[in-house]
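Below is one structure, written out as C-alpha cells; the observations come after it.
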Amino acid sequence: MSQHSLLDKLDALVIRFEEIGKLITDPNVISDMKRYVKLNKEYRDLEKIANARKEYVQVLTSISEARNILDKESDSELREMAKEELELSNTRLPILEEEIKILLVPADPQDNKDAIVEIRGGTGGDEAAIFAGDLYRMYQKYCENKGWKTEVTSCTEGTSGGFKEIIFTVSGDGVYGILKYESGVHRVQRVPATETQGRVHTSASTVAVLPEAEEFDVEIKESDIRVDTFCASGNGGQSVNTTYSAVRMVHIPTGVTVQCQDEKSQLKNRAKALVELRSRIYNMEYQKYMDEVASKRKTMVSTGDRSAKIRTYNYPQGRVTDHRINLTLYNLSAIMDGDIQQIIDQLIIAENAERLKESEL
C-alpha cells in the first residue's frame, strides 16, 4: 500500500472520529444507551488511528525536511542533525506503517469484552484436576498483574486437590482479546504427587474462554428461564451448605444450563448465573464465527474443537511449548506464576500477520 493511499484511508477514518466525537456529546445520543455504548467503543478504537495518523504525518514531514536540509545546506552541524533525524525517521516509518496496517484490519468486535473462563481437568484423573488448579492459579496471578478482577461462579473440587471444573469471570480492559488465545487443551508432563514410582505422567486440562455478553447482546425472556435453587455443596462454612442460595438456571428453548453457588445470597447468585446464561446463548451464534476464523488461523482454536492441543508444560525439563507457533521457553516456574505475557505477545504477532494476509487477499 503506497503512503498516499494509506494517508487517504487514515483521513477518511479521522473524519469519522471527529463526527463521533460530536455525537457522543449529543444529549439525544447519550439517552440511547445501546447506541451510546457502541459509539463510545468506536471512538476509543478510532482514537488509536487518529493518533497513529498524527505520528505518521510527523514522520513523513521530518523525512522531507531532513532531505531538504541535506540538499541545500552546507553547514556541517545542521547537516549532521538532519542526517540523524533522517535515520531515526526512516527506521520508524516501516514499523509505523505495519502498526497502521494492523489498526486498519477490522478487529474482532468481541475483543473488548470481559470473559468467562472455564477450566476442566481432562485425561489423567486426580493429576488432571491438580493441574487444572495450577492453571487457575496461573490465570489468577496473570489477571492480578494486569489489574483485572476475577470472580469464581462455580467449581467442583478434585479428590486430591485442584478442580475437576472451575468457572470464573474476568473483568477489566480488553480481557477477551487477550485471554482468547488460551482456549484449547493444556498438557502437563510431570511426576504426580500421587505417584510413588517417580514416573513422569502426561495429563491434560481443557480451557475455554468465552466473551461475556452484555445485556443488549442477547434478549432473554423471563418466561423462557426455569430457575431451581438448592443448597451449595463444598467448603464455605455453615451458611453455604444450609441455605438455598445456589441457583441453577435452564434456558428452555436452547437447553443451556448454568449454575452459580459461590455467593452467600441467592440474589447475587441469580445475577451471576444470568450473566453466564446470556453469554453461553450468545456464544452459540459467536461459535459459528469462531469456527470460520479457526479454520483460517493457526493461532485460534475454535471453542468447538476442545481437543486441539495448544501447549505443553514439561516439569522435568522446566519448559513450556506453545504448539501453534512452535515457541519453547525454559521458564516454567515463572509461567506457572502467571508470567504468560511473553507467550500471548508472540501469539498476537502471529495472529496479526495472519489477519494482514487475509485482508490483502
Side-chain angles (χ1 to χ4, degrees), residues 115-146 148 150 152-168 170 178-209 233-236 261-262 298-303 305-347 350:
I116 292 174
V117 183
E118 50 182 61
I119 306 171
R120 288 197 172 92
T123 47
D126 285 351
E127 169 62 6
I130 292 168
F131 181 56
D134 296 338
L135 287 175
Y136 170 62
R137 185 177 164 274
M138 174 180 91
Y139 293 129
Q140 218 185 359
K141 292 256 175 172
Y142 176 69
C143 294
E144 208 177 285
N145 293 339
K146 299 278 286 182
W148 294 345
T150 58
V152 174
T153 52
S154 71
C155 67
T156 311
E157 288 176 9
T159 42
S160 309
F163 302 98
K164 283 182 187 158
E165 173 190 272
I166 180 162
I167 299 171
F168 59 99
V170 183
I178 293 168
L179 285 184
K180 64 181 178 184
Y181 298 102
E182 294 304 302
S183 278
V185 174
H186 295 245
R187 189 173 65 165
V188 62
Q189 293 169 331
R190 65 183 175 192
V191 177
T194 50
E195 160 74 41
T196 49
Q197 304 294 315
R199 285 188 310 239
V200 172
H201 282 227
T202 297
S203 312
S205 293
T206 58
V207 175
V209 182
S233 59
N235 50 17
Q261 56 180 48
D262 204 55
K298 64 178 183 294
T299 40
M300 298 303 292
V301 170
S302 86
T303 37
D305 181 17
R306 301 280 165 82
S307 61
K309 184 178 76 228
I310 62 163
R311 204 176 288 150
T312 297
Y313 303 74
N314 182 297
Y315 276 73
Q317 294 170 27
R319 80 176 151 82
V320 174
T321 301
D322 196 292
H323 305 290
R324 293 164 291 182
I325 47 174
N326 294 327
L327 172 73
T328 297
L329 300 169
Y330 287 90
N331 56 346
L332 177 79
S333 58
I335 285 167
M336 294 316 289
D337 222 17
D339 190 5
I340 56 172
Q341 193 61 53
Q342 195 181 348
I343 303 174
I344 288 173
D345 287 344
Q346 291 299 317
L347 284 159

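Heavy-atom basis, side chains included; hydrogens, waters and symmetry copies ignored.
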For this session: List the atom of Phe163, the atom of Gly133, and the distance in Å for their closest heavy-atom pair.
Result: CD1-CA, 3.8 Å

For this session: Could I get the full list of side chain to side chain donor-acceptor pair (under 3.5 Å) partners for Asn314, not counting sequence neighbours?
Result: Gln189

Exercise. Is there a side-chain contact between Tyr330 and Thr328, using heavy atoms and a 4.5 Å cut-off?
Worked result: yes

Exercise. Rounded to the nearest 0.5 Å, what separation is found between the CD1 atom of Ile166 and the CZ atom of Arg137?
Worked result: 13.5 Å

For this session: Mark yes or no for whether Ser203, through its side chain, and Val188, through its backbone, hold a donor-acceptor pair below 3.5 Å.
Result: no

Seminar exercise, completed: All heavy atoms of Ala128 vs all of Ala204, minimum pair found to be CB-O, 3.5 Å

For this session: First locate atom CD of Glu165, then atom OG of Ser205, and finally report the distance between them rounded to the nearest 0.5 Å.
Result: 11.5 Å

Seminar exercise, completed: Of all heavy-atom pairs linking Pro316 and Arg190, the shortest is CD-CA, 4.2 Å

For this session: Over all heavy atoms of both residues, which pair between Asp322 and Arg324 is shortest? Give the atoms and the distance, please.
Result: OD2-NH2, 2.8 Å

Exercise. How far apart are the C-alpha atoms of Leu179 and Trp148, what are their side-chain angles, what is the distance that settles it, and do they pass the side-chain contact (heavy atoms from CB on, under 4.5 Å) test?
Worked result: CA-CA 12 Å; Leu179 285 184; Trp148 294 345; 4.0 Å; yes

Problem set entry | Test item: side-chain donor near acceptor, Arg187 and Thr312, under 3.5 Å | yes

Exercise. Is there a side-chain contact (heavy atoms from CB on, under 4.5 Å) between Gln140 and Phe168 once you walk through the steps?
Worked result: CA-CA 10 Å; Gln140 218 185 359; Phe168 59 99; over 6 Å; no

Exercise. Once the angle between the rings of Tyr313 and His186 is folded into 0 to 90°, is it parallel (under 30°), tilted (30 to 60°) or perpendicular (over 60°)?
Worked result: parallel

Seminar exercise, completed: When rounded to the nearest 0.5 Å, the distance separating OG of Ser333 from CG of Asp339 is 9.5 Å

Exercise. Can you tell if the side chain of Asn331 reaches within under 4.5 Å of the side chain of Gln342, non-hydrogen atoms only?
Worked result: yes

Exercise. What is the distance from atom NZ of Lys164 to atom CG of Asp126, rounded to the nearest 0.5 Å?
Worked result: 8.5 Å

Problem set entry | Side chains of Met138 and Leu135 in contact at under 4.5 Å (non-hydrogen atoms) | yes

Exercise. Is there side-chain contact between Val207 and Arg120, with at least one heavy-atom pair below 4.5 Å?
Worked result: no

Exercise. Taking atom CD1 of Ile130 and atom OG1 of Thr159, what is their separation to the nearest 0.5 Å?
Worked result: 8.0 Å

Exercise. When you look at Glu182 and Ile344, which way does the side-chain contact (heavy atoms from CB on, under 4.5 Å) test go after all the steps?
Worked result: CA-CA 9 Å; Glu182 294 304 302; Ile344 288 173; 3.9 Å; yes

Exercise. Is the closest side-chain heavy-atom distance between Tyr181 and Val209 below 4.5 Å?
Worked result: no

Exercise. What distance separates Ile343 CD1 from Ile325 CD1, expressed to the nearest 0.5 Å?
Worked result: 8.0 Å

Exercise. For residues Gln317 and Arg319, is any side-chain donor paired with an opposing acceptor at under 3.5 Å?
Worked result: yes

Problem set entry | Contact check, side chains of Tyr142 and Ile178, non-hydrogen atoms, under 4.5 Å | yes

For this session: Find out whether Met336 and Tyr315 are in side-chain contact, i.e. whether some heavy atom of one side chain is under 4.5 Å from a heavy atom of the other.
Result: yes

